[in-house]
Amino acid sequence: MPSDTADSRLSDIHDRIARAATLAQRDPADVQLIAISKTHDASAIRPLIEAGQRVFGENRVQEAAAKWPELRETTSGVELHLVGQLQSNKAEDAVALFDAIHSVDRPSLVTALANAMDKADRRPPCFIQVNIGDEPQKGGCAVADLPALLAQARAAGLPVAGLMAVPPFELDSAPYFALLAKLARDQGLTGLSMGMSDDFETAVTIGATHVRVGTALFGSRA
Ligand SMILES: *Cc1c(COP(=O)(O)O)cnc(C)c1O
């Protein structure tokens with residue numbers, strides 16, 4: 001990892017979010033930074049907590065369940081977001097562990113999450129993930145399936161906060177962010193989970209309310 005400190009990395013990201021938001025005449029406070037800590041252990045995460053970061057994201061239920069209970073015991077106000085694909089048989093674990101779920105992408109998962117939320121009487125906000133570049137290997141519902149999935153999620157009582165996407169890797173993200181923003185507007189949703197280390201400023205200028213930044217905060221993953 002860069003030889004600089006967690007403090008300086010975090011304040012650099014906050015500065016860049018603020019500059020992008022200001023450029024787009026948005027309030028920087030309307031953009032939540034989610035520090036994606038997947039693959040990094042507690043010793044890498046603690047400095048960021050000490051620097052003031054409280055919102056973290058993980059992509060695997062099991063990894064998060066192994067790492068976070070202990071970190072949470074010693075820190076108040078931690079919020080944990082699930083940003084990776086979720087198997088329906090882990091829905092109960094996910095509802096118990098996470099404060100937001102960004103990867104709702106199919107009818108069977110909506111049903112499993114709704115049942116898990118009813119059982120636990122706990123309703124973390126959810127984002128519907130859209131396969132915005134229509135890539136076969138990626139999670140997310142097809143653009144054409146979004147209205148029906150959203151209707152199902154709403155009818156099942158899932159608190160839908162917005163849409164989430166990971167644009168195609170080698171292409172300019174901006175058109176995909178713009179499409180996701182349009183889809184959200186069309187559906188009356190305000191939350192937009194988009195933007196990662198390489199493109200979060202672009203995402204902020206296009207309306208991101210949640211940016212998911214890993215590498216720029218933690219260094220590259222092994
Ligand atoms: C890993 C991951 C991120 C963070 O990616 P970086 O390029 O390291 O910032 C964001 N979103 C999702 C869904 C991820 O899996």
Side-chain angles (χ1 to χ4, degrees), residues 32 34 36-38 55-69 72 78-168 176-177 179-196 203 207-212 214:
Q32 185 169 63
I34 307 171
I36 305 297
S37 50
K38 65 187 184 198
V55 184
F56 291 85
E58 292 279 346
N59 70 334
R60 291 211 171 94
V61 176
Q62 262 173 321
E63 181 184 342
K67 250 158 53 177
W68 279 95
R72 278 178 142 165
V78 166
E79 222 184 84
L80 201 55
H81 292 223
L82 178 65
V83 302
Q85 281 190 34
L86 177 58
Q87 292 170 271
S88 295
N89 64 7
K90 299 224 174 82
E92 284 190 23
D93 293 339
V95 164
L97 186 62
F98 291 98
D99 302 297
I101 296 172
H102 292 239
S103 45
V104 180
D105 65 355
R106 58 196 190 277
S108 57
L109 182 58
V110 167
T111 303
L113 282 170
N115 290 338
M117 287 184 192
D118 288 343
K119 200 168 155 188
D121 197 18
R122 182 180 146 74
R123 301 187 177 277
C126 293
F127 292 78
I128 306 285
Q129 182 177 352
V130 183
N131 188 349
I132 202 81
D134 196 20
E135 298 172 280
Q137 78 282 13
K138 254 193 199 151
C141 72
V143 170
D145 295 338
L146 175 61
L149 187 63
L150 185 59
Q152 185 207 352
R154 284 172 163 155
L158 254 60
V160 180
L163 302 182
M164 180 275 217
V166 181
Y176 296 97
F177 292 156
L179 173 56
L180 194 72
K182 179 192 187 297
L183 294 172
R185 263 194 319 275
D186 290 350
Q187 300 294 338
L189 292 166
T190 52
L192 275 176
S193 170
M194 59 188 197
M196 317 194 339
T209 58
H210 296 70
V211 294
R212 310 179 308 265

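Any value given below was found using the heavy atoms of this structure, including those in side chains, with hydrogens, waters and symmetry copies removed.
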So H102 and I34, side chain to side chain contact (heavy atoms under 4.5 Å, CB included) or not? Walk me through it.
CA-CA 11 Å; H102 292 239; I34 307 171; 3.5 Å; yes
Should L82 and N59 be marked as a side chain to side chain contact (heavy atoms under 4.5 Å, CB included) after you check the CA-CA gap, both sets of side-chain angles, and the distance that decides it?
CA-CA 6 Å; L82 178 65; N59 70 334; 5.6 Å; no
Take I132 and F177, measure what side chain to side chain contact (heavy atoms under 4.5 Å, CB included) needs, and give me the verdict at the end.
CA-CA 9 Å; I132 202 81; F177 292 156; over 6 Å; no
Between M117 and L158, does a side chain to side chain contact (heavy atoms under 4.5 Å, CB included) hold up when you go through it step by step?
CA-CA 8 Å; M117 287 184 192; L158 254 60; 4.2 Å; yes
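Looking at every heavy atom in both residues, L163 comes nearest to A184 through CD1-N, 3.5 Å. When all heavy atoms of L97 and R72 are compared, the closest pair comes out as O-NH1, 3.0 Å. The shortest heavy-atom contact between S193 and L180 is O-CD2, 4.3 Å. Closest approach of V95 and L113 over heavy atoms only: CG2-CD2, 3.8 Å. Scanning all heavy atoms of the two residues, the minimum distance from G195 to A203 falls at CA-CB, 3.6 Å. Here the shortest heavy-atom pairing between Q187 and P147 reads NE2-CG, 3.7 Å.
A 6.0 Å sphere centred on CG of D186 holds more than 12 heavy atoms belonging to other residues, nucleotides or ligands.
The backbone N or O of L192 lies less than 3.5 Å from a partner atom in the side chain of T209, making a donor-acceptor pair.
Of the charged side-chain nitrogens involved, none lies within less than 4.0 Å of a carboxylate oxygen, so that E63 and K38 do not count as a salt-bridged pair. With respect to D99 and R123, no salt bridge is recorded, no charged nitrogen being found less than 4.0 Å from a carboxylate O.
The distance from the CD atom of E58 to the CG atom of L80 is 6.0 Å, given to the nearest 0.5 Å. Interatomic distance, NZ of K90 versus CZ of R60, reported as 9.0 Å (0.5 Å rounding).
Of the residues D105, N131, V130, the one that meets the side chain to side chain contact (heavy atoms under 4.5 Å, CB included) test with K138 is N131.
Using bins of under 30°, 30° to 60° and over 60° for the plane-to-plane angle, the ring pair F56/W68 lands in the tilted bin. In this pair, H81 and H210 present their aromatic rings tilted. The plane angle is within the 30 to 60° band.
At least one side-chain heavy atom of L189 sits less than 4.5 Å from a side-chain heavy atom of L150.
Under the rule for a side-chain contact (heavy atoms from CB on, under 4.5 Å), the partners of T111 that lie at least two apart in sequence or sit in another chain are N115, Q152.
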